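Along the sequence shown, the residues carry numbers beginning at 1. In this text the structure is predicted, and so the values were computed from the model without any measurement. Every number for a ligand or one of its atoms is a count from 1 in the order of the listing.
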Amino acid sequence: MPDRVALVTGASRGIGRAIAERLGADGAAVVVNYRSDADAAAKVVTAIERSGGQAVAAQADAGEQDELRGLFDVAEREYGGIDTVVCNVGVARFAPIAETSDEDFDTIFRTNTRGTFLALREAARRVREGGRIVVVSSGTAVTARPGSGVYGASKAAGDALVRTLAQELGPRRITVNSVLPGATDTEAFAAGLPEQARAELVARAPLGRIGRPDDIADVVGFLASDASRWITGQTIHAGGGMF
Ligand SMILES: NC(=O)c1ccc[n+]([C@@H]2O[C@H](COP(=O)([O-])OP(=O)(O)OC[C@H]3O[C@@H](n4cnc5c(N)ncnc54)[C@H](OP(=O)(O)O)[C@@H]3O)[C@@H](O)[C@H]2O)c1
């Protein structure tokens, strides 16, 4: 059985994919969760195997309790247990509060807040001693810009759960942290971003560019490693200095 086993939700694309590949390269056996795109998830598995690692793709809606439990079952059945959980799935919709529908509010909170709660609760029950739990939050949880209110609130609620769970799991040497990306070049983010909005983002970015998925994956890789053993209950800002 592998020394370390990781589960990454929403790992067929974007930031989740980069995290899965990073953890695989660092030696973990990885459960690559996806919801709909089996081909994309299979490519992630192949990439991890090519770099010498082990991985398995697992379909599940990470926002559904039973399906989420099934993901943890896959990790235990295939690899004998679970050490690292990365709760990456999230949905972003931006609109002024005055124009946000009840449906959008419910969708965002159901996926981001309830989904994070379900993943943290399952992780709290099943991650082995000395394990790592990381939530992919958002810089919008700690900043205020027009249009990001509901999304940011849904992520801030997840960060509050992270801080509490870190207190609760400390006696088992399990660390719990969240990483807050700023604007990061993924399909979800890049699609629909007008050229001018991108140029404005770059213009106010201290490091002169938008983030890349591997910028975030490197931070998560650190938080999943032994080197981060003294960091728990923290919200790590990974936005290239933009917040
Ligand atoms: N990109 C940014 O600028 C940015 C900034 C701050 C925070 N974030 C956060 O970073 C995380 C990842 O964002 P991203 O931009 O990488 O997203 P993305 O490119 O849209 O990728 C989403 C991934 O999640 C999967 N997925 C979506 N809903 C799912 C569900 N209910 N259950 C299981 N898998 C699901 C998708 O799989 P399928 O394709 O198979 O459905 C895909 O692999 C999110 O939490 C987001 O809020 C992103």
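Counting only distance, with no hydrogens or angles, the side chain of Ser178 and the backbone of Val136 share no donor-acceptor pair below 3.5 Å. The backbone N or O of Arg128 lies less than 3.5 Å from no partner atom in the side chain of Asp83, so there is not a single donor-acceptor pair.
Exactly one of Val86, Val8, Ile19 qualifies for a side chain to side chain contact (heavy atoms under 4.5 Å, CB included) with Val30. That residue is Val8. Tested against Val31, the residues Leu7, Val45, Asp73 include a single side chain to side chain contact (heavy atoms under 4.5 Å, CB included) partner, Leu7.
Protein residues having a heavy atom under 4.0 Å from any atom of ligand 1 are Gly10, Ala11, Ser12, Arg13, Gly14, Ile15, Asn33, Tyr34, Arg35, Ser36, Asp37, Ala60, Asp61, Ala62, Asn88, Val89, Gly90, Val136, Ser137, Ser138, Tyr151, Lys155, Pro181, Gly182, Ala183, Thr184, Thr186, Ala188, Phe189, listed by chain and number.
Aromatic ring pairs are classed by plane angle as parallel below 30°, tilted from 30° to 60° and perpendicular above 60°; the pair His237 and Phe243 is tilted.
In this structure the side chain of Gln54 never reaches within 4.5 angstrom of the side chain of Glu49, judged on heavy atoms.
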